[in-house]
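Naming: A, B, ... by sequence-line order, numbering from 1 per chain.
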Protein chains: 2
Amino acid sequence: MQIKYKEKDYTCSFEFVLDIVSGKWKGLVLWHLSKKTMRYNEIHKILGKITQKMLTQTLRDLEKHKLISRKVYPVIPPKVEYTITKNGQKLIPIFHQLSKWGDEMAEEYAEIKK
Amino acid sequence: MQIKYKEKDYTCSFEFVLDIVSGKWKGLVLWHLSKKTMRYNEIHKILGKITQKMLTQTLRDLEKHKLISRKVYPVIPPKVEYTITKNGQKLIPIFHQLSKWGDEMAEEYAEIKK
DNA sequence: CCGTATCCTATTAGATACTG
DNA sequence: CAGTATCTAATAGGATACGG
């Protein structure tokens with residue numbers, strides 16, 4: 001199935017999915033948001049080493065693809081909450097499977113640090 | 001779970017998985033090899049626009065992570081076959097789920113070309 | 001047939017400083 | 001608090017030529 005979205009063309013839906021979740025931080029952010037709604041700084045702290053630029057970019061990407069939603073409270077100081085959407089939530093069980101597969105692979109490699 | 005493999009560190013197995021399957025071609029090559037064992041040129045033709053450099057690099061990466069195996073026949077002209085491993089095959093059903101999810105997303109976006 | 005070896009461009013990510 | 005704006009570094013990917 002050919003997919004066109006936001007000016008980009010994909011030859012199959014799997015390619016489309018990779019574009020949505022690949023990159024250094026997107027999967028991780030989604031994973032954390034699947035547990036609870038979080039504020040910008042909260043995500044920033046839990047990820048530790050991400051720069052503000054990358055975090056903002058990651059959040060915007062996820063929002064663009066409707067995997068998370070952004071709610072701005074008109075208060076001072078600013079308050080912004082990020083929540084996973086239903087579509088985003090549907091990815092999580094699949095992420096768990098991938099993780100499990102990764103664990104099994106790692107055990108076979110026997111170079112694990114627990 | 002901390003994973004270290006081939007000089008690289010991963011903070012979780014999901015990150016490890018992304019490293020294994022992300023990139024422009026790896027998922028696609030694995031997908032095709034899940035259907036049948038193929039020769040180098042056969043893969044090259046079916047992918048169409050991949051350069052030899054990228055194809056070789058992709059195959060080496062997949063082999064390094066033991067998702068495919070490489071068999072060289074000592075004949076002239078050379079013959080090399082690539083086969084998906086059991087570990088690689090385990091990924092395929094998960095890929096199908098991701099694909100299905102991508103299709104559903106695409107339908108919601110309603111910018112599809114079938 | 002199945003690759004390597006260079007060289008080059010494009011994309012992604014990080015560092016740092018600044019702002020409503 | 002939640003971001004932008006620049007600048008730079010690192011990595012991924014592509015073009016082309018050549019070799020056993």
Side-chain angles (χ1 to χ4, degrees), chain A residues 5-11 15-16 18-30 32-33 36-65 68-83, chain B residues 5-11 15-30 32-33 37-65 68-83:
Chain A
Y5 184 64
K6 307 273 187 190
E7 306 308 316
K8 290 184 89 171
D9 289 291
Y10 303 93
T11 57
E15 194 185 321
F16 176 56
L18 267 189
D19 194 37
I20 288 178
V21 304
S22 71
K24 197 165 175 180
W25 303 105
K26 280 150 85 175
L28 207 52
V29 169
L30 208 56
H32 285 295
L33 288 179
K36 61 168 180 171
T37 291
M38 289 174 123
R39 294 179 65 173
Y40 184 90
N41 260 5
E42 212 177 344
I43 307 173
H44 198 188
K45 278 175 199 158
I46 212 171
L47 293 182
K49 291 174 186 170
I50 193 171
T51 60
Q52 288 188 311
K53 179 194 160 189
M54 285 313 297
L55 179 53
T56 301
Q57 196 173 298
T58 300
L59 291 167
R60 294 292 178 279
D61 271 8
L62 291 172
E63 193 191 1
K64 186 180 78 179
H65 288 114
I68 64 173
S69 65
R70 180 171 179 268
K71 180 169 187 181
V72 182
Y73 294 86
V75 294
I76 294 178
K79 177 177 173 181
V80 180
E81 281 182 349
Y82 293 92
T83 306
Chain B
Y5 184 64
K6 308 271 187 193
E7 307 307 316
K8 292 184 90 171
D9 290 291
Y10 304 92
T11 58
E15 195 184 319
F16 176 57
V17 173
L18 267 189
D19 194 37
I20 289 178
V21 304
S22 71
K24 196 165 175 179
W25 303 105
K26 279 149 85 176
L28 207 52
V29 168
L30 208 57
H32 284 296
L33 288 180
T37 292
M38 288 173 122
R39 294 180 63 175
Y40 184 91
N41 259 5
E42 213 177 343
I43 308 173
H44 199 188
K45 278 176 197 158
I46 211 171
L47 293 181
K49 289 173 187 170
I50 194 172
T51 60
Q52 286 190 310
K53 179 195 162 187
M54 286 312 298
L55 179 53
T56 300
Q57 195 173 298
T58 300
L59 291 167
R60 293 293 178 277
D61 272 8
L62 291 172
E63 194 191 0
K64 185 180 77 179
H65 288 114
I68 65 173
S69 65
R70 180 170 179 267
K71 180 168 188 182
V72 182
Y73 294 86
V75 294
I76 295 177
K79 176 178 174 181
V80 179
E81 281 183 348
Y82 293 92
T83 307

Give the nucleotide from the list [options] with an atom nearest to the side chain of [X].
| X | options | answer |
| --- | --- | --- |
| Thr51(A) | dA15(C), dG14(D), dC2(C) | dA15(C) |
| Tyr82(A) | dG20(C), dC1(C), dG3(D) | dG3(D) |
| Lys53(A) | dC7(C), dT6(D), dA2(D) | dT6(D) |

*asked:* For a quick test of reading the model, state the closest non-hydrogen atom pair linking Lys26(B) to Ile20(B) and the distance between them.
replied: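 Minimum heavy-atom contact is CE-O, 2.7 Å.
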[X] has an atom [atom1]; how far is it from atom [atom2] of [N], in whole Å?
| X | N | atom1 | atom2 | value |
| --- | --- | --- | --- | --- |
| Ile50(A) | dT12(C) | CD1 | C1' | 13 Å |
| Gln52(A) | dT19(C) | CD | P | 14 Å |
| Lys24(A) | dA10(D) | NZ | P | 12 Å |
| Met54(B) | dA12(D) | CE | C1' | 7 Å |
| Leu28(B) | dG13(D) | CG | P | 13 Å |
| Leu55(B) | dG14(D) | CG | C1' | 14 Å |
| Gln57(A) | dT4(D) | CD | P | 11 Å |
| His44(B) | dT4(C) | NE2 | C1' | 14 Å |

*For the residue pair Tyr10(A) and Phe16(A), categorise the inter-ring angle as parallel (less than 30°), tilted (30 to 60°) or perpendicular (more than 60°).*
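The rings of Tyr10(A) and Phe16(A) stand perpendicular, inter-plane angle above 60°.
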[N] phosphate, OP1 or OP2, under 4.0 Å from [X] side-chain N/O:
| X | N | value |
| --- | --- | --- |
| Arg70(B) | dG3(C) | yes |
| Arg60(B) | dC2(C) | no |
| Arg39(B) | dC1(C) | no |

*So how far is it from Leu33(B) CG to Leu59(B) CG, rounded to the nearest 0.5 Å?*
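It is 7.0 Å, given to the nearest 0.5 Å.
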_Worked verdict on Trp25(A) versus Leu55(A) for side chain to side chain contact (heavy atoms under 4.5 Å, CB included)_ = CA-CA 8 Å; Trp25(A) 303 105; Leu55(A) 179 53; over 6 Å; no
*Starting from the 5' end of DNA chain C, give me the residue, Trp25(A) or Pro78(A), whose nearest nucleotide shows up first.*
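Counting from the 5' end, the first nearest nucleotide belongs to Trp25(A).
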Under 4.0 Å, heavy atoms only, any strand: does [X] hit a base, just the sugar-phosphate, or nothing?
| X | value |
| --- | --- |
| Lys79(B) | sugar-phosphate |
| Tyr73(B) | nothing |
| Pro77(A) | sugar-phosphate |

*Short N-O contact, Glu42(A) and Lys36(A), less than 4.0 angstrom*: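 Yes, this pair counts.
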